[in-house]
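Keep in mind that this is a model prediction, so the values were computed, not measured. Positions are given from 1 along the sequence.
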Amino acid sequence: MERLRKYGFVIGFLAVPVTLYTVFVISPYVQAFQLSLTSWNGVSSVVRYVGLDNFGRLFDDDNFWQALRNHGILLLVLPLLTIVIALFLSFLLNLGGGTRGAGMRGVWGSNFYRVVFFFPQVLAVAVVGVLFQAIYRPDEDGVINGTLARLGLSEPIGWLTEPGLALWSIIAVMVWQAVGFYVVLFSAGMAAIPKDYFEAASIDGAGRVRLFFSITLPLLRDTLQVGWIYLGIAAFDGFALIQVLAGDRGEPDGATTILPITIYKTAFDYHKVGYASAMGVVLFFLTVTFAVLTLRTTRRERVEL
């Protein structure tokens with residue numbers, strides 16, 4: 001009877017959130033999978049099932065493959081750059097000041113720097129996009145080009161209009177916006193490492209580089225795993241930022257084409273909701289596959305502190 005009351009309480013407590021999650025999360029996924037098997041245009045009351053034809057069309061869609069190539073670049077560069085920069089800054093803020101008395105300390109002004117680094121996180125993505133539109137303007141009124149012109153170093157550069165620069169310019173913005181969050185995340189992970197480890201290593205003569213690679217990095221592995229997965233998922237997104245900075249045409253020459261924008265255009269500009277849903281299903285499985293593979297390849301026995 002006691003067990004029945006306990007499980008009844010748990011079921012009653014979970015009933016509402018599970019129902020809401022099913023209706024607003026699971027149900028849209030199921031509907032997207034269903035629509036991917038149709039040729040529905042988003043307006044007609046007639047829904048014609050075409051089976052896997054939409055998925056077959058993807059193999060001959062140049063825009064789809066261009067978007068996948070761009071996601072591949074994002075997936076390689078965005079997590080790596082963000083994590084390296086965030087780790088470096090976190091180490092300086094928490095342990096870069098060396099020893100003080102009986103403990104380790106960060107560089108002078110660490111608390112102020114934490115606020116500065118985290119500031120981009122409080123800005124809406126659209127605001128960040130508009131801000132960097134002004135920075136990347138291709139004429140001398142742009143912040144970067146204006147500075148270069150005044151220094152006499154370069155002619156105006158089309159940061160968002162040259163095929164070789166557009167995607168890299170956007171990646172720089174994504175890294176700038178993301179670093180602050182991961183500085184906080186890694187700082188929390190470093191704060192959980194017993195300071196005795198660092199103090200003992202310092203007494204034995206270990207320098208900051210040795211402290212980082214021999215103590216900090218191994219004990220932050222779980223946190224790094226989480227950060228890598230989050231950033232990988234972000235690499236499959238980027239819709240709002242690229243939409244504001246480069247528009248939805250993937251210009252120049254498809255250099256900034258990504259799947260979320262391609263899905264949006266296919267569904268709402270070309271009215272091919274079924275085909276767009278097929279792209280969405282592929283994007284879903286790519287994201288899940290990346291997360292699962294990352295978890296499996298980085299899995300290890302937990303280190304007990």
Around atom CZ of F119, are there more than 12 heavy atoms of other residues, nucleotides or ligands at under 6.0 Å? no

Step-by-step side-chain hydrogen bond (donor to acceptor under 3.5 Å, both in side chains) determination, Y49 to Q34: CA-CA 9 Å; Y49 282 88; Q34 180 185 11; 2.7 Å; yes

Q121 side chain to Q177 backbone, donor-acceptor under 3.5 Å: yes

For the atom pair CG (D53) and OG1 (T38), what is the distance rounded to the nearest 0.5 Å? 11.0 Å

Qualifying residue for side chain to side chain contact (heavy atoms under 4.5 Å, CB included) with L286, from V288, T289, V282: V282

Give a yes or no answer on whether the side chain of N94 reaches the backbone of M190 with a donor-acceptor pair at less than 3.5 Å. no

Applying ring-ring contact (aromatic ring centres under 6.0 Å, His included), run through W176 and F132 and close with a yes or a no. CA-CA 11 Å; W176 175 83; F132 276 88; 5.2 Å; yes

Hydrophobic cluster identity match, V130 and L241, side-chain contacts under 4.5 Å: no

Apply ring-ring contact (aromatic ring centres under 6.0 Å, His included) to F284 and F33, showing your working. CA-CA 10 Å; F284 169 80; F33 295 153; 5.6 Å; yes

Can you find a pair of side-chain heavy atoms, one from N41 and one from V273, that are under 4.5 Å apart? no

So do the side chains of M174 and L74 get within less than 4.5 Å of each other, counting heavy atoms only? yes

Straight-line distance of D61 CG to T262 OG1, nearest 0.5 Å: 8.0 Å

Polar side-chain atom of H71 near backbone of A235 as donor-acceptor pair, under 3.5 Å: yes

Residue pairs passing the salt bridge (Lys or Arg N to Asp or Glu O under 4.0 Å) test where at least one lies in residues 127-154, sequence neighbours excluded: R137-D139, R137-D141

Find the distance between NZ (K265) and NZ (K272) and round it off to the nearest 0.5 Å. 11.5 Å

Interatomic distance, I135 atom CD1 to N145 atom CG [nearest 0.5 angstrom]: 11.5 Å

Could you label the plane-to-plane angle of the F181 and Y230 rings as parallel, tilted or perpendicular, counting under 30° as parallel and over 60° as perpendicular? tilted

Residues, nucleotides or ligands: over 12 heavy atoms within 6.0 Å of F55 CZ: yes

Using a 3.5 Å distance criterion without hydrogens, assess whether the side chain of D222 forms a donor-acceptor pair with backbone atoms of G189. no

Do R114 and S90 have side chains that approach each other closer than 4.5 Å (heavy atoms only, starting at C-beta)? no

Give the intermediate values and the outcome of side chain to side chain contact (heavy atoms under 4.5 Å, CB included) for residues L87 and T216. CA-CA 10 Å; L87 274 175; T216 306; 5.7 Å; no

Treat each ILVMFWY residue as a node, draw an edge where side-chain heavy atoms are under 4.5 Å apart, and state whether I263 and V50 are in one component. no

pair L160-I170: side-chain heavy atoms closer than 4.5 Å: yes

Report the distance from atom CG of L259 to atom CD of Q66, rounding to the nearest 0.5 Å. 11.0 Å

Taking V244's backbone N and O only, do any of them form a donor-acceptor pair with Q133's side chain (distance below 3.5 Å, no angle check)? yes

Within the 4.5 Å heavy-atom criterion, are S187 and V183 side-chain neighbours or not? yes

Parallel, tilted or perpendicular, judged at 30° and 60°: which one describes the rings of F59 and W65? tilted

Parallel, tilted or perpendicular, as decided by the 30° and 60° cut-offs, for the rings of F117 and Y113: parallel

Tell me whether F118 at atom CZ has more than 12 heavy atoms from other residues, nucleotides or ligands lying less than 6.0 Å away. yes

What distance separates T257 OG1 from L68 CG, expressed to the nearest 0.5 Å? 11.0 Å

Provide the closest heavy-atom pair for L220 versus F186 in the form atom of the first, atom of the second, distance. CD2-O, 4.1 Å

Greater than 12 external heavy atoms within 6.0 Å of F290's CZ: yes

